Number of protein chains: 2
Amino acid sequence: MELTPRKKEILKVVIESYISTAEPVGSKAIAAQLTSKVSTATIRNELADLVEMGYLEQPHTSAGRVPSPKGYRLYVNELMEQRALSLQETEQINRALRMKMQELDGVISKAGQMAAALVNYPAYAMAGVKSELAIQRFDLLGVDATSFIAVVMTEDSRVSSRLLHTELPVRADALADLAVLLNEQFTHLHVSQMSRRLMDLAGQTAPGLFIVLNVAVNYAIEVLQGSEKNRAVTAGANNLLKLPEFRDADKAHELMSFMVENPEDLPVPAEGAHMQILIGPENVNEALKDTSVVVASYDIGDNMRGLIGVVGPTRMDYATVAARLSYFAEGLTKMFGKQEKEGLLPVPKEDHDRHE
Amino acid sequence: MELTPRKKEILKVVIESYISTAEPVGSKAIAAQLTSKVSTATIRNELADLVEMGYLEQPHTSAGRVPSPKGYRLYVNELMEQRALSLQETEQINRALRMKMQELDGVISKAGQMAAALVNYPAYAMAGVKSELAIQRFDLLGVDATSFIAVVMTEDSRVSSRLLHTELPVRADALADLAVLLNEQFTHLHVSQMSRRLMDLAGQTAPGLFIVLNVAVNYAIEVLQGSEKNRAVTAGANNLLKLPEFRDADKAHELMSFMVENPEDLPVPAEGAHMQILIGPENVNEALKDTSVVVASYDIGDNMRGLIGVVGPTRMDYATVAARLSYFAEGLTKMFGKQEKEGLLPVPKEDHDRHE
DNA sequence: TTTAGCACTCCATCCCCCGGAGTGCTAAAC
DNA sequence: GTTTAGCACTCCGGGGGATGGAGTGCTAAA
């Protein structure tokens, strides 16, 4: 059977009506919204066809029609009109983007919160490292005889620091020597290589100094590891409870717990895709089988990409969510790009000592 | 009327039964659990008295009894037995305490998550600064001609750092001079004083250097401000949905949204109190009027105290929650104390240059 | 003061009924 | 061949009783 333009129009009306009301849509309601004047009987014939073709479903014989995942997919691919954002919407997002960013972890969770606030659905955010990170630069700042601040910069130009402590007093010049050693021997290495090199140096270094080396390198390892996991968060899960499909506490609890406890298992867009929409059973993950996900990615410097996603019922307002999320993601990319241009993020590697 | 020992015993049985089942408790069920053998009729008489005295309530004439807030209060104050933690429980908490702490913000949100996991109720955590913080020490590390890393240590000995950027190239020795200036002029000041001093210096400093000063001081201000707000988080809100009193999505949504959006408005224990229990209407906040809160505090260094709380229905399992939370809070105090002793947190102020 | 006995109350549940929204089908009209 | 009016049919949802069980309050006796 063929999908005539009228069938498409009817499908579109059904979907958009169902998106806004969550109630099955009947022939009468469709007739009222259709451009051409046709009788409800005609529409009923078309509806029967659409059900047969798999684009719509019928909860029971005497109810209206509800879109199927296949119907939503067609809608998203062909029928959905690009939603232009209103001035208020762009302004709201721009305002959100002007947030201060303390560090990357902060950005991730803030981005998640903002995305949730933007669309009134639960949202998630994560940062993906494209390849394994390494340390780019070390500094050691003496505080007192047995304390110093370790500052490390990772290859994505993020800076971390912590106050560390040694058992034995260390002189300032020794600390400076150690910093040189660290920059010579421990930059641009993977975690495993760093551990190995540390072991190698254990015998060759004065014990008092080796302790310092040890805590500093372990701190660096911690930074590297910390920057790879725990980088996914869920925000705005409470938005679920406003949706009629989640009035059932068990259902809401199930999805909410999954999202909060396993944010790292939420969908990631295919490499290269800026935005991806996954509808119902298109989700691999069992817990998301009857929800839809809209997920967008943005660039953070050369080596990383960030990701924000929205989880909602299959009848989610794809047009609005997609428009807002994509604008938001673009804004984030620009924000990071700007910093990059300003020198806030990547730094030419040639600019300071290192060896290997 | 007097509160005889038998009345107290009955009250205790009612409360403990209601805590575990959330169902009104009848005279027959009470008789089965009472130590002395009395008839249900006698118990009914006693129950009528307890209702009259305000310790119990009756949903309707022919239902069992339900504890009132006054009843819970008496229970918590007098009747509740100290709950000894099992080996598994202490082990679980100890394991949780062995978490790595990256920075304070991380600790707060982790503590909240752990508390929630420990008690299966929503939990919140915050850190309170006892007095206004200031910067204790600055360092500037040149990266390339127009980039440098600013490292600041606040008076509570936390270290923050960020890569910053200037318009004009700055020489390394100039950067060192600026660091001295910052340590002389901008340490141990409140935010407002820092801004004022920055303004004062605007005319007296070479423009190229002032830009550096400006971004560095503004970064410090951001750190100070960031460390005071956004320091409260809610975790495990999804636990609400498992409770029969929150099967109603609207009710759950209301409380959950409040907790997630305004964690800073959640109860803080009185100064000096290590643990506090607030039952139903004892909560000042309207949103918590028919929930109970158990909140414990722990010490972070000299100048700060942390705080973890649990929100649940008034029939929450006070004994278990209080025992676990207090053990957890003690563990956190010890953890910070240990670091302190090890020199990881506070540092004698005399140990490096400063004036003012 | 305690207890047995008993009538009473009230909720929860089931069931049935019924109206309304919506359908599918048929037959006529275009 | 397509569209439309008409009509019988289906099914959900909500409003009313019935019903039974858990629990009470009260009375009168122990």
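Chain A is the first sequence line, chain B the second, and so forth, proteins listed ahead of strands; every chain is numbered from 1. These figures come from a predicted structure and were not determined experimentally.
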Residue E245(A) excluded, over 12 heavy atoms near CD under 6.0 Å: yes
Short side-chain donor-acceptor distance under 3.5 Å, S17(A) and Q33(A): no
OP1 or OP2 of dT4(D) under 4.0 Å from side-chain N/O of T42(A): yes
Nucleotide-resolved protein contact map, nucleotides 21-30 of chain D, B/S/- at heavy-atom distance under 4.0 Å: -BSBB-----
Shortest non-hydrogen separation from A322(B) to V294(B) and the atoms involved: CA-CG1, 4.3 Å
From CA spacing to verdict: side chain to side chain donor-acceptor pair (under 3.5 Å), Y55(B), S68(B): CA-CA 5 Å; Y55(B) 294 110; S68(B) 71; over 6 Å; no
Identified pairing partner of dA30(D), criterion: Watson-Crick or G-U wobble below 3.5 Å: dT1(C)
Residues Y327(B) and E89(B): side-chain donor-acceptor under 3.5 angstrom: no
Value in whole Å for how far the P atom of dT3(D) lies from CG of D49(A): 11 Å
Value in whole Å for how far the P atom of dT1(C) lies from CD1 of I43(B): 17 Å
Option among I19(B), T291(B), L243(B) that satisfies the side-chain contact (heavy atoms from CB on, under 4.5 Å) test with P313(B): L243(B)
dG25(D) - base-pair partner by Watson-Crick or wobble geometry, distances under 3.5 Å: dC6(C)
Nearest-angstrom distance from the residue atom CZ of R6(A) to P of dG1(D): 16 Å
